[in-house]
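Counting starts at 1 for both ligands and their atoms, in listed order.
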Amino acid sequence: METLLEAALRLGRGETSSQELVRASLDRVAEREEELHAFLTLLPESAIEEAQASDRRRAAGQAMSVFDGIPWSAKDNLLTEGVRTTAASRILGDYLPPYSATAVGRIEAQGAVLLGKTNLDEFAMGSSTEYSAFGPSRNPVDPTRVPGGSSGGSAVAVAAGMCHFALGSETGGSVRQPAAFCGVVGVKPSYGRVSRYGLIAFASSLDQIGTLTRDVRDAAALLGVIAGGDPMDQTASTAPAQDYLAAAREGGKGLTFGVPPEYLGEGVAPEVRAEVERAAGLLERHGLTRRDVSLPHTPYALDAYYIIAPAEASSNLARFDGMRYGPRADAQDLAEAYRRSRGQGFGPEVKRRILLGTYVLSAGYYDTYYLQAQRLRTLLRDEFLQAFRDVDVLLTPTTPTTAFRLGENTQDPLAMYMADTLTIPANLAGLPAISVPGRPVGGLPVGLQLMAAPLREDLMFRVAATLEEVAAR
Ligand code: GLN
């Protein structure tokens, strides 16, 4: 399938037009959307109009960038001015944002054409899109299986050829995990690398916007567009973005990588483990040095995450109360109005997180749970920083297994949470991480994950480019 940069090249040479690209995308949507349900909102009319405008700009020699005219889509928890944004929740079912997320605005300023808003687990809480209030998406490789989540719709749209790239968001793996399940490239930048302004908050100390693309170079080019400081987000790093594309072109030769044994242990399918070992061997053969490191606190990451993320969610979601946001339910008094608006507006997983979060923050439990989880988070981060003194990147599987079947984990929240064990540590530590497709096992995509030190996306992209070149064959 054509990559974003390949399409850009053809546009630049006059071999195709934005209208042609957008029409091809819409044809693909017409063929597969009914089965796959990647989108919550489709924008065919405005997309065609924007494509016409793009073609006119280009004909006049005024293309805004290489992205000008290329179809893309955004996860539906990213605000898009005047375009319905639901976070896949009934409570925001008809919400029209008054402004766009910074990352969305930066892509629009390049001239790319927004095709639609993609499906997700409600408020990005989940790993399969099955918790969307509007029905699940399906994996394009095998529609009996989930695409992963929560950015499942974005991964499906890119994997099924419905658009050339997409934005997603991560709190604990929501870009990398669906990328791994659908066979595309997913990047979670360092915490603070991309502004969170206009991303509907789940857990603010973890949330980060990420990219879904067909290859590593596309991801590098796209991150270059959205990275950078923002006066609207005080946590956005003002460190200048590196030339990620140049890093991807350079490749990983001469760098060092480690495979932490804690990421290959219990729960990781033997075929997935074997694929990581195969990839490690290939990297060594292509000029990288392997030096294994140990990260002994890894097994506690999942527990810490499922305290910290719900704690922050319980506070962030307080604004969805039928007064400030969301439809107000009929009620006799204020307390009942809150109760009923929230009771009707939120799905079961969101309620579970709010309850969990409220519990771990409550007097008497705060020290036992929340404080303890924060301590673990610090240990985990220190341990990573220590490891990155010895190696440039870490290589692990992205997920313990390949895509599971629809319905397989919905009755068992713990089993669903396990899908994120290998992605969550990078979120807790604020590291950049990428999932690159390996060689499929049993006909299903496998993701190989690379993590690097905070703001060392350059090293991550260098090794990822080599990994992509050698691993998928
Ligand atoms: N699956 C994880 C959760 O449900 C991560 C979600 C995410 O990264 N947004 O919390």
Side-chain angles (χ1 to χ4, degrees), residues 74-78 87-89 118-133 136-137 146-155 166-181 186-189 191 194 196 199-212 301-314 316-317 346-357 360 373 377 398-401 403-404 408-410 412-435 447 449 451:
K75 187 175 181 178
D76 208 24
N77 61 351
L78 288 161
S89 181
T118 56
N119 198 14
L120 64 151
D121 293 285
E122 186 175 1
F123 283 104
M125 296 171 186
S127 310
S128 69
T129 73
E130 291 168 292
Y131 295 139
S132 166
S137 305
V146 303
S150 62
S151 312
S154 288
L167 287 186
S169 75
E170 277 232 5
T171 305
S174 276
V175 166
R176 286 165 286 158
Q177 187 254 20
F181 280 9
V187 170
K188 182 206 82 82
Y191 185 77
V194 177
R196 289 180 294 113
L199 167 66
I200 296 176
F202 164 6
S204 308
S205 78
L206 297 158
D207 294 345
Q208 193 60 196
I209 293 169
T211 61
L212 291 130
L302 190 70
D303 300 359
Y305 174 88
Y306 275 99
I307 290 169
I308 294 167
E312 294 185 25
S314 69
N316 273 328
L317 269 58
F346 290 137
E349 183 61 25
V350 175
K351 288 178 184 164
R352 181 152 46 231
R353 304 287 177 107
I354 293 173
L355 288 173
L356 255 172
V360 299
R377 186 176 186 177
T398 307
T399 54
T401 66
F404 45 88
E408 199 172 313
N409 287 336
T410 35
D412 183 355
L414 268 184
M416 192 73 97
Y417 297 170
M418 292 302 285
D420 310 313
T421 40
L422 308 179
T423 46
I424 274 173
N427 301 81
L428 287 169
L431 314 177
I434 187 169
S435 180
Q449 172 170 248
M451 297 181 264

Item to complete: Heavy-atom contacts with Gly173 under 4.0 Å: which atoms of ligand 1 show up? List them by number with element.
Response: 8 (O)
Worksheet item: Can you list the steps and then say if Ser169 with Leu78 is a side-chain contact (heavy atoms from CB on, under 4.5 Å)?
Response: CA-CA 8 Å; Ser169 75; Leu78 288 161; 5.7 Å; no
Worksheet item: Which protein non-hydrogen atom lies closest to atom 4 (O) of ligand 1, naming both residue and atom, and how far is it?
Response: Arg353 NH2, 2.7 Å
Item to complete: Under 4.0 Å from a heavy atom of Phe202: give me the atoms of ligand 1 that qualify, with their elements.
Response: 9 (N), 10 (O)
Worksheet item: Is the shortest distance from a heavy atom of Gly126 to ligand 1 less than 4.0 Å?
Response: yes
Practice prompt. Give a yes or no answer on whether the side chain of Thr423 reaches the backbone of Gly172 with a donor-acceptor pair at less than 3.5 Å.
Written response: yes
Item to complete: Determine whether Met418 and Pro400 make a side-chain contact, defined as any pair of heavy atoms from C-beta on separated by less than 4.5 Å.
Response: no
Worksheet entry | Candidate list Gln208, Arg377, Arg176, test side chain to side chain contact (heavy atoms under 4.5 Å, CB included), partner Asn427, passing option | Arg176
Practice prompt. Output yes when a side-chain donor or acceptor of Thr129 lies under 3.5 Å from a complementary backbone atom of Ser137, and no otherwise.
Written response: yes
Worksheet item: Which of the listed options, Gly172, Ala313, Ala124, holds the heavy atom that is closest to atom 8 (O) of ligand 1?
Response: Gly172
Discussion item. Please work out, at 4.0 Å between heavy atoms, whether the side chain, the backbone, both, or neither of Ser150 comes within that distance of ligand 1.
Written reply: side chain
Worksheet item: Does the side chain of Glu170 come within less than 4.5 Å of Tyr191's, by heavy atoms?
Response: no
Response to the item:
Among non-hydrogen protein atoms, atom 5 (C) of ligand 1 lies closest to Tyr305 OH, 3.3 Å
Practice prompt. Flag Ser127 as yes when one of its N or O atoms lies below 3.5 Å from any N or O atom of ligand 1, and as no otherwise.
Written response: yes
Practice prompt. Just need the protein heavy atom nearest to atom 2 (C) of ligand 1, so name the residue and atom and give the distance.
Written response: Asp420 OD2, 3.1 Å
Worksheet item: Does Tyr131 approach ligand 1 within less than 4.0 angstrom via side chain, backbone, both or neither, non-hydrogen atoms only?
Response: neither
Item to complete: Please could you name the atoms of ligand 1 that Met125 approaches to less than 4.0 Å, counting only its heavy atoms?
Response: 4 (O)
Worksheet entry | Part of Thr171 with heavy atoms under 4.0 Å of ligand 1, whether side chain, backbone, both or neither | both
Item to complete: May I ask you to test the Leu422-Thr399 pair for a side-chain heavy-atom distance under 4.5 Å?
Response: no
Discussion item. If you apply the rule side-chain contact (heavy atoms from CB on, under 4.5 Å), what do you find for Leu317 with Phe346, and how did you get there?
Written reply: CA-CA 10 Å; Leu317 269 58; Phe346 290 137; 4.2 Å; yes
Worksheet item: Does the gap between the ring centers of Phe123 and Tyr131 come in under 6.0 Å?
Response: no
Worksheet item: Has the side chain of Ser174 got a donor or acceptor atom that lies under 3.5 Å from a matching backbone atom of Ser150?
Response: yes
Discussion item. Please list, in number order, the atoms of ligand 1 under 4.0 Å from a heavy atom of Glu170.
Written reply: 8 (O)
Item to complete: Return a yes/no value for Gly149: is any of its N or O atoms, backbone included, closer than 3.5 angstrom to an N or O of ligand 1?
Response: no
Response to the item:
In this structure, atom 3 (C) of ligand 1 is nearest to the protein heavy atom Tyr306 OH, 3.3 Å
Practice prompt. Would you mind checking which non-hydrogen protein atom is closest to atom 7 (C) of ligand 1, with the distance to 0.1 Å?
Written response: Ser174 OG, 2.4 Å
